[in-house]
Amino acid sequence: MQIATPVLALFRVCIYAFLLAPIVVVVLASFNAGNFLTFPPQGLSLRWFWTFLQNDVFLDAIAYSAILAAASTAVSLVIGTMAALYFVRHAGREAETVRVGVLLPLILPEILTAIALLFFFYEIGIGTEHKIALFTGHVLMTLPFVFLNVTTSLQGRDDSVELAARTLGASRYTAFRRITLPLIAPGLATGAVFAFIISFDTFGVSFILKGTGSAPLPIQLYDYLRFNFTPEAAAVSTVSILLTLVLVTAADLLFGRKA
Amino acid sequence: MTEVSLRALQKLYGKTLALKGISLDVAHGEFVSLLGPSGCGKSTTLKCIAGFEEVSDGRICFDNKDISRKLPEDRDIGMVFQSYALFPHMTVAQNLAFGLEMRRLSKSVIAERVAKAMEMVQLTPYADRFPKALSGGQQQRVALARALVIEPAILLLDEPLANLDAKLRNEMRGFIRDLQKRVGITTIYVTHDQDEAMTMSDRVVVMFDGEIAQAATPEEVYDRPASERVARFVGNANILELPVMAVRDRAAGGFDLTLPGGTPLHLAAPAPWANGALRVMARPEQISLTDPGFGQLGGRVAKRYFSGGHVEYTIDTDCGPLLVLGPTTQAVHEGDAVGLTFDASRLWPMAPESGAKP
Amino acid sequence: MKRFRSYLLIAPTAALIFLFIVLPYVTVLIMSFRAPADGQPYGEGFSLGGYAQFFGQAYYAWSLPQTILLGMATTLICLVLGYPIALHIATASRKWRGLLYGIVLSPLLIGIVVRSYGWTILLGNSGVINATLRNLGVIDRPLPLMYNNFGVILALAHVFLPFMVLPLLSALQSMDPAIAQAARSLGARRFTIFRRVTFPVSMPGVQAGCILVFVLAISSYVTPALVGGMRVKTTTLLVVDALIDQFQWPFGSAMALVLAVSAGLIVLIFARLTRMKWT
């Protein structure tokens with residue numbers, strides 16, 4: 001089946017390069033010593049990382065994004081896991097409806113969902129103040145990822161182990177806590193990491209629902225990029241890429257082998 | 001019709017030798033089974049014949065023409081896979097037509113041959129169904145027809161019945177065997193099921209560890225196994241180690257052995273290696289139960305399992321536990337003392353094995 | 001009782017989806033029929049003004065076919081680039097598969113703003129590509145790679161390529177490898193196997209990937225905004241502009257709905273054309 005002609009192999013290498021190029025370029029640009037994003041770079045330096053570390057706007061944005069991501073991940077982890085349990089264990093004929101329903105935030109265009117939420121929160125008189133709308137948007141965006149990961153790890157398990165625990169005298173709750181929960185822990189962890197990263201990086205809901213005051217990192221970055229061309233944005237992006245890598249690697253080291 | 005001959009086939013995977021020099025001749029129209037436990041090299045041998053694996057050394061000839069270097073698509077083989085490997089996006093008729101289209105036959109010829117093939121496997125009413133809408137047995141027959149409709153030089157089957165339930169498997173054995181006889185095609189069949197190999201084949205090739213242990217008719221493999229390992233793989237075998245009292249003819253056969261308790265036992269088979277003692281195989285149905293005190297050897301019933309057509313006993317004797325098949329009419333219970341009589345004409349001596357575990 | 005208890009598991013999610021997805025989308029639908037007004041988001045009463053405004057002005061109306069073409073081009077490129085990759089990963093050895101899979105998924109883990117920004121660094125007038133070509137003496141003035149459809153489509157293809165590869169990969173991996181062998185044993189050669197067996201059998205993945213990428217591409221905002229520099233006007237950009245910057249809520253909603261309905265129709269037609277009777 002492999003069509004191992006050299007032309008095709010070359011084509012494949014190009015595609016892999018295409019996939020990695022923009023990310024690599026951002027990281028390289030962040031070490032540019034010049035005042036502008038020129039190529040080839042005018043020497044290497046860490047000055048833009050230093051500039052960024054003194055820029056409260058970006059630091060605040062990172063902190064804000066991290067808190068928002070942690071909070072929305074916590075909520076979607078709980079309700080997403082419950083939904084996954086229902087879907088795998090209890091859903092009968094309505095299973096497909098449940099699945100599509102939970103995945104709606106993923107299937108529907110994010111920007112349209114954000115706009116819909118904006119109208120909705122205005123119509124009920126809350127608006128984008130108090131960040132409730134923004135938070136809701138982030139929970140919606142992260143929920144499908146928790147659901148998908150937990151569903152996968154639940155489906156991979158034989159649910160007779162929980163039944164076995166109950167024949168041995170464990171209550172419904174104990175059986176879940178002692179047997180099922182440890183077994184699906186890798187799925188929960190992967191789901192949580194995914195959710196956190198999605199929330200940290202998502203643009204649409206943040207852009208539309210951010211309200212006034214501080215804004216999440218992607219929005220600050222976007223606003224900055226519209227009018228500035230210094231490598232500081234590249235430094236910020238590199239830090240954000242690094243955070244993601246650390247998170248993914250940590251999750252992989254902790255749970256990768258078991259998942 | 002085609003003769004297949006394998007000449008000292010070797011297959012290396014990295015540093016492990018999966019096939020250690022397989023030589024085999026399959027006559028035209030013959031049905032040969034490759035039988036052995038998983039990992040014995042039977043599937044690898046089949047894949048080499050089909051061309052999906054390249055041989056590391058040795059030759060494969062069809063009608064004395066070396067085809068070892070040919071691509072699978074040029075070998076003119078019909079193959080049935082364990083998973084059937086039906087094309088899910090094509091109807092039954094389209095599946096059958098595929099190989100003929102590859103041969104660039106005219107539409108009318110294709111239609112005619114597909115129709116005939118579907119009739120042959122009794123699937124005419126299902127011509128326009130997709131594989132998903134067929135039962136396991138029907139899918140199996142489509143796979144068979146798809147392999148045969150191209151009128152290949154040889155037919156290769158890779159554990160084709162493994163995914164069917166027991167009842168259907170029995171039906172399909174007969175079906176495949178009859179079809180093969182009717183078409184008269186040279187067939188190589190891979191299986192790990194000894195019953196399947198015995199009932200279907202003209203010749204059974206027993207393989208262990210990448211080597212052929214024995215290639216013979218089913219009767220011969222069962223009654224006169226080449227080694228203890230073959231004896232145990234092909235059915236149940238009681239092995240008794242008995243001292244030789246007298247040798248009449250080492251090569252032509254004729255030994256006087258003695259059972260514990262002193263009863264003499266005559267072995268008619270040849271055993272050129274015979275020395276002070278011989279290991280002798282007796283199949284469970286070659287031993288019969290009599291009253292205690294009678295027969296050639298005494299024992300006690302340790303276990304009794306009723307299995308419908310007959311009763312399976314484990315008898316504790318001075319030769320160790322022996323497996324014996326008895327008729328269901330016999331009133332023998334666990335704990336009873338019994339006598340045992342051997343069918344001396346079918347006793348078979350075991351050749352000593354060098355290195356291989358029994 | 002037991003049934004009731006199990007409903008408690010789905011209740012929070014069901015409430016969340018109903019309250020914050022279903023109702024808000026209904027709000028958009030209603031909003032699109034409200035009367036436009038000046039100086040405030042919307043006026044009293046209902047009208048078709050929003051729709052009239054969209055279809056009545058060429059500037060807006062023309063954005064729709066352009067956006068759809070942009071989406072189709074992105075989808076096509078993703079398919080052409082994604083298929084060899086999916087095939088490669090599906091047939092790669094276990095050792096390589098993890099790494100290749102990682103390369104394909106890595107863009108997903110990097111924010112869309114950062115990725116689009118990466119493309120601006122590559123494609124800009126003094127960006128990596130133009131600078132290199134100029135230094136090599138191939139060109140004297142920068143090639144227009146950015147702020148046009150070319151740049152936007154390229155960047156969109158990059159951003160959504162993983163969404164094409166993943167369904168393709170799952171279709172290819174769920175395919176019985178013996179099928180290709182069976183085709184060979186029947187006399188088919190490599191290209192024939194691809195054309196007659198592998199590709200048609202992976203059709204469910206092709207379909208899913210194309211639909212996903214198309215929908216994502218036409219509704220994306222950041223990439224066209226950054227790489228297109230507001231010079232490539234997609235309907236989605238206009239929607240956000242109308243809603244956020246101009247406060248014309250009925251007009252923006254009408255536009256969003258026209259885009260959504262058009263996308264839905266195209267997806268339906270596509271699904272109909274690529275319908276598989278055998279699944």
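Lettering follows sequence order; numbering is per chain, from 1.
- Using a 4.5 Å cut-off between heavy atoms, C/Y42 contacts chain A through its side chain alone, with no backbone atom that close.
- Looking at A/I23, only its side chain comes within 4.5 Å of chain C, counting heavy atoms on both sides.
- With a 4.5 angstrom heavy-atom cutoff, C/L243 touches chain A only via side-chain atoms.
- The part of A/T136 that comes within reach of chain C is its side chain, from C-beta onward, which places non-hydrogen atoms under 4.5 angstrom from that chain.
- No donor-acceptor distance shorter than 3.5 angstrom exists from the side chain of C/Y221 to the backbone of A/G204, with no hydrogens or angles considered.
- Of the atoms belonging to A/I107, it is backbone heavy atoms, and not side-chain ones, that fall under 4.5 Å from chain C.
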Test ring pair (Phe, Tyr, Trp, His ring centres under 6.0 Å) on A/Y16 and C/W96; report intermediate values, then the result. CA-CA 13 Å; A/Y16 286 120; C/W96 280 95; 9.2 Å; no

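- At a 4.5 Å heavy-atom cutoff, the contact between C/L81 and chain A is made by backbone and side-chain atoms alike.
- Proximity to chain A at a heavy-atom threshold of 4.5 Å picks out C/I17, C/L19, C/F20, C/I21, C/L23, C/P24, C/Y25 from residues 17-26 of chain C, in numerical order.
- Distance check: A/S237 OG to C/I110 CD1 gives 9.5 Å after rounding to the nearest 0.5 Å.
- In this structure, the portion of C/T236 lying under 4.5 Å from any heavy atom of chain A is its side chain and not its backbone.
- Using a 4.5 Å cut-off between non-hydrogen atoms, the part of residues 242-249 of chain A that approaches chain C consists of A/T244, A/V248.
- Among C/V104, C/V215, C/L100, C/L154, the residue making the largest number of heavy-atom pairs under 4.5 Å with chain A is C/L100.
- With values rounded to the nearest 0.5 angstrom, C/L161 atom CG is found 6.5 Å from A/F18 atom CZ.
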